[in-house]
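One structure below.
Numbers here are sequence positions counted from 1. Heavy-atom basis, side chains included; hydrogens, waters and symmetry copies ignored.
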Amino acid sequence: AIEVDLHIEALPGGRSIPKGQHLDFQMETFRKVIRENAPHRGRTITFIHGVGDGILKAAIRKELDEVLALRCSYSVGDPAVTVVTIK
């Protein structure tokens, strides 16, 4: 199992990203982690997005539903995380 904190200040180089580009940077990190782990069936990845206003959480789950549904599934428990399982 892998845990990835998507808070902007927790990402390498995140502090230097202009405020209006935070979501794009976080989503690119999310996509990169999914791509790198796609060959590992059964692997679980816990993405920590926090509660906040829910924009990052919604973007992650939309991408999982619309783009990655054939390769991944996710579960919802703690409202601050999304747990993805590679199919």
Heavy-atom closest contact (V51 atom, A80 atom, distance) = CG2-CB, 4.0 Å
Partners meeting side chain to side chain contact (heavy atoms under 4.5 Å, CB included) with A59 (sequence neighbours left out) | L23, M27
Under a 4.0 Å N-O cut-off, is there an ion pair linking E28 with K32?
-> no
Give every residue pair that meets the salt bridge (Lys or Arg N to Asp or Glu O under 4.0 Å) criterion with at least one member in residues 60-84, sequence neighbours excluded.
-> R31-E63
Are V4 and V83 linked, directly or through other ILVMFWY residues, by side chains that come within less than 4.5 angstrom of each other?
-> no
Any side-chain heavy atom of C72 within less than 4.5 Å of one from I34?
-> yes
Could you note down all residue pairs passing salt bridge (Lys or Arg N to Asp or Glu O under 4.0 Å) where residues 38-59 supplies at least one of them, sequence neighbours left out?
-> none
So if you build clusters from Ile, Leu, Val, Met, Phe, Trp, Tyr with side-chain heavy-atom gaps below 4.5 Å, do L70 and L64 land together?
-> no
Is there any ring-ring contact (aromatic ring centres under 6.0 Å, His included) pair reaching into residues 6-38, and which pairs are they, with sequence neighbours excluded?
-> F30-F47
Does any non-hydrogen side-chain atom of I2 lie less than 4.5 Å from one of N37?
-> yes
Partners of K87 by salt bridge (Lys or Arg N to Asp or Glu O under 4.0 Å), sequence neighbours excluded?
-> none
Output the distance between atom CG (L6) and atom CD1 (I48), rounded to the nearest 0.5 Å.
-> 8.0 Å
Which distance, rounded to the nearest 0.5 Å, do you find between the CD of Q26 and the CD1 of I55?
-> 10.0 Å
Rounded to the nearest 0.5 Å, how far does CD of E36 lie from CD1 of I45?
-> 9.5 Å
Could you give all pairs that pass the ring-ring contact (aromatic ring centres under 6.0 Å, His included) test and reach residues 52-78, with sequence neighbours left out?
-> none
Mind checking what makes side-chain hydrogen bond (donor to acceptor under 3.5 Å, both in side chains) contact with E3, not counting sequence neighbours?
-> none
Is L68 reachable from V81 through a run of hydrophobic residues whose side-chain heavy atoms are each under 4.5 Å from the next?
-> no
Counterpart residues, salt bridge (Lys or Arg N to Asp or Glu O under 4.0 Å), relative to R15 (two or more places apart) | none
I60 side, atom CD1; T82 side, atom OG1 - distance, nearest 0.5 Å | 5.5 Å
